[in-house]
Amino acid sequence: MTEILILYLLLNGQNTMYGISKSMKKFFGMITNPGFGTLQPALRRLEKNGCIKSDKFMTEGGKPYYYYNITNEGKEFLSTQLLEPFSDNPVKLLPAIKIRLICLDALEVSGKKELCKMIKAELLKISNFSEKALKGGYFENNFSGKMVLDNTICEYKNLYNLVEGIEKCLQ
């Protein structure tokens with residue numbers, strides 16, 4: 001997810017690692033907040049793969065800093081990553097969906113429609129799984145467990161409705 005966010009932020013123009021970190025915190029901090037220990041290796045991987053390029057500058061004190069720019073390969077890679085299948089780990093699903101929805105404008109209309117379809121399928125799958133767990137009797141004597149599952153179902157259904165609304169805007 002970090003690489004998707006870096007590339008998405010660089011669509012708006014060049015930035016330093018510090019600037020990328022600050023923008024991530026500002027725009028995505030409610031979903032994820034990777035530190036420099038995560039950003040720096042991600043920037044190296046992206047540069048090694050030709051998705052970004054860096055320009056090195058020196059401060060007056062002689063300290064190097066880098067400005068990063070997205071390449072055409074990076075734009076293609078971003079589109080590919082946004083349309084990748086989701087992880088089977090439900091803990092990672094909600095942040096992944098939210099990040100991809102925020103980055104939706106990086107895709108062409110057909111890609112936007114495809115991503116919305118993928119997201120809705122994942123949300124239905126997890127929502128149905130949660131409903132089965134709720135009805136399965138395991139949480140029959142566990143009030144808080146029932147409430148958590150009920151909330152999960154509501155959360156997924158609300159997000160599903162949000163995606164449907166986005167789809168209508170794409171028509």
Side-chain angles (χ1 to χ4, degrees), residues 1-12 15 17-46 51 74 77-171:
M1 283 290 118
T2 302
E3 287 155 343
I4 287 174
L5 294 175
I6 290 169
L7 293 171
Y8 182 74
L9 289 170
L10 289 176
L11 286 175
N12 293 319
N15 212 332
M17 184 171 65
Y18 176 74
I20 292 168
S21 174
K22 200 171 174 182
S23 293
M24 275 194 194
K25 197 172 287 186
K26 180 177 180 182
F27 299 115
F28 302 102
M30 76 300 284
I31 301 168
T32 186
N33 190 13
F36 288 116
T38 302
L39 285 179
Q40 194 170 37
L43 287 165
R44 284 190 190 128
R45 279 190 306 274
L46 288 168
C51 295
F77 182 72
L78 175 59
S79 294
T80 302
Q81 290 298 297
L82 288 172
L83 295 171
E84 278 287 309
F86 289 97
S87 166
D88 287 335
N89 185 343
V91 172
K92 294 181 179 181
L93 183 61
L94 272 181
I97 286 174
K98 290 175 181 179
I99 287 169
R100 291 185 195 194
L101 284 173
I102 290 171
C103 299
L104 193 67
D105 65 325
L107 295 170
E108 300 292 326
V109 173
S110 61
K112 291 176 184 179
K113 289 179 179 180
E114 183 181 342
L115 181 57
C116 286
K117 184 178 175 181
M118 287 173 49
I119 289 171
K120 285 175 30 179
E122 288 296 318
L123 290 169
L124 277 177
K125 183 172 75 175
I126 297 295
S127 183
N128 289 338
F129 180 80
S130 298
E131 285 177 350
K132 286 179 186 174
L134 190 61
K135 292 176 185 172
Y138 183 78
F139 295 98
E140 192 172 321
N141 297 320
N142 182 340
F143 177 75
S144 60
K146 280 195 235 181
M147 295 305 290
V148 168
L149 276 177
D150 189 51
N151 182 65
T152 301
I153 293 164
C154 289
E155 188 174 14
Y156 283 113
K157 286 182 178 181
N158 285 337
L159 196 49
Y160 186 94
N161 291 335
L162 173 89
V163 174
E164 280 193 326
I166 291 170
E167 279 182 314
K168 287 179 184 175
C169 293
L170 299 174
Q171 304 295 332

### Task
Please assess L11 against D105 for the test side chain to side chain contact (heavy atoms under 4.5 Å, CB included), listing each intermediate value before the final yes or no.
CA-CA 11 Å; L11 286 175; D105 65 325; over 6 Å; no
### Query
Please walk me through it: do E131 and K157 pass salt bridge (Lys or Arg N to Asp or Glu O under 4.0 Å)?
CA-CA 11 Å; E131 285 177 350; K157 286 182 178 181; 2.8 Å; yes
#### Entry: Verdict with reasoning, F27 to Y8, per side chain to side chain contact (heavy atoms under 4.5 Å, CB included)
CA-CA 11 Å; F27 299 115; Y8 182 74; over 6 Å; no
### Message
Could you go through M24 and I6, starting from their C-alpha distance and side-chain angles, then the distance that decides it, and tell me whether this counts as side chain to side chain contact (heavy atoms under 4.5 Å, CB included)?
### Response
CA-CA 8 Å; M24 275 194 194; I6 290 169; 3.4 Å; yes
### Task
Decide yes or no on side chain to side chain contact (heavy atoms under 4.5 Å, CB included) for I102 and F28, but give the supporting numbers first.
CA-CA 9 Å; I102 290 171; F28 302 102; 3.3 Å; yes
Under 3.5 Å, which donor-acceptor pairs link side chains of residues 115-128 to any protein atom two or more places apart or in another chain?
residue: K120; atom: NZ; partner: E167; partner atom: OE1; Å: 2.8
residue: E122; atom: OE1; partner: K125; partner atom: NZ; Å: 3.4
residue: N128; atom: ND2; partner: L124; partner atom: O; Å: 3.2

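Note that the CG atom of L104 and the CD1 atom of I99 stand 13.5 Å from one another [nearest 0.5 Å]. Atoms CG and NZ, on L162 and K98 in that order, are 10.0 Å from each other to the nearest 0.5 Å. Of the inter-residue distances, the one linking S21 atom OG with L43 atom CG reads 10.0 Å to the nearest 0.5 angstrom. L170 CG to K113 NZ: the interatomic distance, rounded to the nearest 0.5 Å, is 6.5 Å. Atoms CE and CG, from M147 and N151 in turn, are 8.0 Å apart once rounded to the nearest 0.5 Å. Atoms CG and CD1, on L101 and I31 in that order, are 9.0 Å from each other to the nearest 0.5 Å.
Inter-residue side-chain proximity for L46 and L10 is flagged as unmet; no heavy-atom pair is nearer than 4.5 Å. Using a 4.5 Å cut-off on side-chain heavy atoms (C-beta onward), Q81 and E3 make no contact. L83 places a side-chain heavy atom less than 4.5 Å from the side chain of L107. Within the 4.5 Å cutoff, the side chain of P95 has no heavy atoms near those of the T32 side chain. A heavy-atom distance below 4.5 Å is not found between the side chains of L9 and N15.
Nearest approach of S79 to A106, heavy atoms of both residues: OG-O, 4.0 Å. The shortest heavy-atom contact between I153 and S130 is CG1-CB, 3.6 Å. Between C103 and L5, the shortest heavy-atom contact is SG-CD2, 4.5 Å.
Open room surrounds CZ on F129; 12 or fewer heavy atoms of other groups in view lie less than 6.0 Å from it. By the 6.0 Å contact criterion, CG on D88 is open, its count of non-hydrogen atoms from other residues, nucleotides or ligands being 12 or less. Around atom CD of E84, more than 12 heavy atoms belonging to other residues, nucleotides or ligands sit under 6.0 Å away.
With hydrogens and angles ignored, the 3.5 Å screen pairs a side-chain donor or acceptor of T152 with a backbone N or O of V148.
Of the residues E114, R100, K112, the one that meets the side chain to side chain contact (heavy atoms under 4.5 Å, CB included) test with L82 is R100.
Between Y18 and F36, the angle of the ring planes stays under 30°, which puts this pair in the parallel group of the 30/60° scheme.
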